[in-house]
Amino acid sequence: MDKSYQPKDIEQRLYERWEEKGYFAPQGDGEPYCIVIPPPNVTGTLHMGHAFQDTIMDALTRYHRMQGHRTLWQPGMDHAGIATQMVVERLLNAEGTSRRDLGREKFVERVWQWKDESGGQIARQTRRLGASVDWSRDRFTMDEGLSEAVRHVFVQLYEEDLIYRGKRLVNWDPVLHTALSDLEVLADDEAGNLWHFRYPLASGEGQLVVATTRPETMLGDSAVAVHPEDERYKDLVGQEIVLPIVGRRIPIIADDYVDPEFGTGCVKITPAHDFNDYDIGKRHDLPIYNILTDDAALNDAVPEAYRGLDRFVARDKIVEEFKELGLLEKIEDYTVKIPRGDRSHAVVEPYLTDQWYVKIEPLAKPAIEAVESGRIRFVPENWSKTYFDWMYNIQDWCISRQLWWGHRIPAWYDEAGNVYVGHDESAVREKHGLGPGIALRQDEDVLDTWFSSALWPFSTLGWPEKTDAVKEFYPGNVLVTGFDIIFFWVARMIMFGMKFMDDVPFREVYIHGLIRDQDGQKMSKSKGNVLDPLDLIDGIDLESLVAKRTAGMMQTHLAPGIEKATRKHFPDGIDAYGCDALRMTFGALATTGRDIRFDLGRIEGYKNFCNKLWNAARYVLMNTAALDDGDLEFSAADRWIRARLDATTRDMHRHFGSYRLDLAVQAIYEFTWHEFCDWYLELSKPVLQSDESSAALQRGTRRTLIDVLEALLRLLHPLIPFVTEEIWEQVAERAGIDADTIMLRPYPEASDDAADDDAVADIEWVKQFVLGIRQIRGEMDISPGKPLTVVLQQASESDRRRAGDHAHLLQRVGRVEAISVLADGDQPPPAATALLGDMRLLVPMKGLIDVDAERARLEKQMDKVRAELAKATGKLANENFVNNAPPAVVEQERERVLEFEKTLTQLEEQLRKLDELA
RNA sequence: UGUCCGAUAGCUCAGAUGGUUAGAGCGCCGCUCUUACAAAGCGGAGGUCGACGGUUCGAAUCCGUCUCGGACUACCA
């Protein structure tokens, strides 16, 4: 083995072998365990969030696979309608052509081409992350089987009246020319104005002042509303306004919606271009004046001078004209929420169009119950509240999109505009008796991407076919995802799962946090703070990183700032940490539902951890070459480390069971480094490197070294698959295990044997002994290599026994040359002191210890003890404590006081000794 | 608008059901290249647990109020 761990050499080689051998496919006949991957968008590349999520899922998958479950991690990708179409359109633009130039068919072909390239990139990244997905079952939301599932669902919902077509206001993206669902619209505060317009009464007597953030929509006004109880305007209700510029007479109406406290208490009503106004319009039967085109320019319904103007140009012109007419009361600065498309970032318009909708309430009900009843559990639990909030107020889902890339809606129209829904055209013709003479044309629209995503937990398994996979792997066990898509995806999977499978799609939803940069900022391309997980695995130099972050930016003016920040945060680029280190870091950061600041310091530490493990293995392998059969005798250290391994194994099961990968990482890190390496390996040396130990004892230690390391590797494997596999192959051979991979070995189970208390106590005593000596060395500046003589004062029977039994350990690990026991009544020599229970460890000074330094040490220790003593006696002096606290707690406190007092006496005595000397 | 989350060492974070001296990693300060590992070993310093009240014998932990962050959600034109 190399002297240090070199991940680069082994990761890809191992992954290829695992894949070739088919280890990722479900194996055996254990209980099924299934996770479906949240399918990444084909367009993109995997970012830190994906890598984090994949790490969690892979750890769970490997853990369950090792437990003998028939484990499936279902992979796949999403066609991501809008996102993908935008990317390809941008490519076309760069080539000087466009979607429209190509035409629908050619364009879609082109997207498929792009999908193959981009999807390949994602698959490569997924492999580099070590994800043990079953590639043989890889699916894509637009492949034939999934498209079949989509059509099936659409047709059934339509036939059950749960899908309908309707003309209403939708969120219209005037750049992409498509409708959007509510969820795809993001409203953020932007600086704007509030314009106050005077609207003259038709009676000619007076005017009303209305305030608006969108002056141009006044061209579509069909009323002015006031609150019914508003005394100022009560008498005007029923009268009319003459709408300036347009000249239309519109009524003054009364509606509760109006807040009399806001502005003037008068609201202009534009039913075609505002959701609230639309509702009011319906309540009052107002005419609807659509004044916009698909591009959000003004259409022919407005006065000639405004026709064809962009909405924002028209806005200025309207304001100008009001000013000229003397009808502009005032302009205020005002912060407005501007709705923008989440992909195009264009300002979205409420717009009246024909769209397809899913009637959501009947679907939402069982989905709410599924969570209420506990059939689906959110982890952490509080996310269920978010889920309920949305589900209780859920709106019908607009599922049609005016795009070319996606599942075409399976609806056909005849020339009269009658709509027929069916699997395909021939099915429609057959069902409705439409002969070949009748021309049908298919709906031009495609479905919202999330419509097919909602079917993912069962469509990927072959549904609507009744496949074995469906029977076996539905419902899945856990969904691992981010909170940002609880509404988009999680809720919809639950609704469709309940509807079509009559069962929940998964039993638990593990919601993880968002990966942020070192300053807590969300990672995004435009901020230039994204990290490519592969760059953390393979490393990248500064110049390449800068180039990568500033390349292909939409807003090029941000590049210099990004470059500066990048040079500041990564002055030396990024080291190659290897996949395992990255995964271990993600695991350690996977705390319950809180966002994660990704810190390079952490990954560095886990790279070191991998190296530590590597070197521990080197030591074990070096020392176990000569394994032979024969009697085994296990030392106290052997028995101790096995007990510790058992305890750690229990911890690992508990933490995996509760999705606390952070605690799992912490527990296994602690065991590996601070118990196995720091102590056990050191304690094994005196046994193996001494002629005095018996062959049986040496055998026992060798056996333990191999056994514990082998189990440790299995405990670690779900988290750090590569380095564990690489080491394991050699260790397994030594251990006499005949198997090809650690992946399919059983996950360790804690033994039922009671912990070996004697051995544990002995080794704890040895540790305390050594630590005491080391402390004296450290603080007295005695070289670690210098052998010391130790005198035991007030040694009990068991202290003496232990000192005798483990003298060889103390000698080697503590560099204690000689131990002598001070007889009762004998004068102790001037010495530096450490305490071990009631016993004192004395390191005689013989010129090597500084009296003042030792005095300072003692004073410091005594201060600490005195503080604690004061606290404890204070407690006991409190009658309430003594009377009310559980007896065990009180008793414990009494014992502590005795301990402290005894310790204090000892230290005082020692201090006196020093004073005598001085 | 409503809901939720967070505030613990210089930094990034752990701290079930309230109970010994509040922990880890990194960083920092010393000392060591001791034959698995300097990507290491050993020792050490560093925290009135956001603020104020309350419950309790006892609060980082439970309950209120507040401050400062963050997220989601709904909005008054």
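The model shown is predicted, which means the values in this text are computed figures rather than measured ones. Note on naming: letters A, B, ... go to the chains in the order of the sequence lines (proteins, then strands), and numbering restarts at 1 for each one.
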Checking only heavy atoms, does the side chain of [X] share a donor-acceptor pair with the base of [N] at less than 3.5 Å?
X: A:R597; N: B:U12; value: no
X: A:K385; N: B:C4; value: no
X: A:S4; N: B:A39; value: yes
X: A:E670; N: B:A14; value: no

Practice task
Check the pair A:Y577 / A:T585 against side-chain hydrogen bond (donor to acceptor under 3.5 Å, both in side chains), numbers first and verdict last.
Solution key: CA-CA 11 Å; A:Y577 295 106; A:T585 310; over 6 Å; no

Look at [X] and [N] and indicate whether a side-chain polar atom (N or O) is within less than 4.0 Å of OP1 or OP2.
X: A:K860; N: B:A45; value: yes
X: A:N884; N: B:C57; value: yes
X: A:Y334; N: B:A77; value: yes
X: A:R774; N: B:U32; value: no
X: A:T591; N: B:A14; value: yes

I'd like the [atom1] distance from [M] over to [N], given in whole Å.
N: B:U12; M: B:C52; atom1: C1'; answer: 29 Å
N: B:A14; M: B:G25; atom1: C1'; answer: 11 Å
N: B:G41; M: B:U67; atom1: P; answer: 47 Å
N: B:G10; M: B:C5; atom1: P; answer: 27 Å
N: B:C42; M: B:U34; atom1: C1'; answer: 11 Å
N: B:A60; M: B:A16; atom1: P; answer: 13 Å
N: B:C68; M: B:G15; atom1: P; answer: 27 Å

Problem - Pairwise distance CD1(A:I727) to CH2(A:W614) - rounded to 0.5 angstrom - result: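 One finds 6.0 Å between CD1 of A:I727 and CH2 of A:W614.
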
Exercise for the section: Please round to the nearest 0.5 Å and tell me the distance separating atom CG of A:L788 and atom CE of A:M780. Expected result: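 Here the rounded value is 12.0 Å.
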
Handout entry: Test salt bridge (Lys or Arg N to Asp or Glu O under 4.0 Å) applied to A:R340 and A:E184, A:E349, A:E190, the passing residue
Key =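 Filter result, single survivor: A:E190.
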
Heavy atoms under 4.0 Å, any strand shown: does [X] hit a base, just sugar-phosphate, or nothing?
X: A:F487; value: sugar-phosphate
X: A:N382; value: sugar-phosphate
X: A:K685; value: base
X: A:E682; value: base
X: A:W673; value: sugar-phosphate

Handout entry: Face-on cation placement of A:K612 at A:F676 ring, 6.0 Å and 45° thresholds
Key =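 Judged by the rule (NZ or CZ under 6.0 Å from the ring centre, within 45° of its axis), A:K612 is not positioned above A:F676.
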
Handout entry: Helical stems, RNA chain B - three or more consecutive Watson-Crick or G-U wobble pairs below 3.5 Å
Key =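 So the stems come out as B:2-7 with B:67-72, B:10-13 with B:23-26, B:28-32 with B:40-44, B:50-54 with B:62-66.
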
[X] [atom1] to [N] [atom2]: how many Å, rounded?
X: A:I706; N: B:A36; atom1: CD1; atom2: C1'; result: 14 Å
X: A:Y392; N: B:A74; atom1: OH; atom2: C1'; result: 18 Å
X: A:R516; N: B:A71; atom1: CZ; atom2: P; result: 6 Å
X: A:E899; N: B:U21; atom1: CD; atom2: P; result: 13 Å
X: A:N880; N: B:G58; atom1: CG; atom2: C1'; result: 10 Å
X: A:H674; N: B:C42; atom1: NE2; atom2: C1'; result: 13 Å
X: A:F488; N: B:C72; atom1: CZ; atom2: P; result: 11 Å
X: A:L589; N: B:A14; atom1: CG; atom2: P; result: 9 Å

Practice task
Please assess A:Y257 against A:D279 for the test side-chain hydrogen bond (donor to acceptor under 3.5 Å, both in side chains), listing each intermediate value before the final yes or no.
Solution key: CA-CA 10 Å; A:Y257 163 79; A:D279 292 338; over 6 Å; no

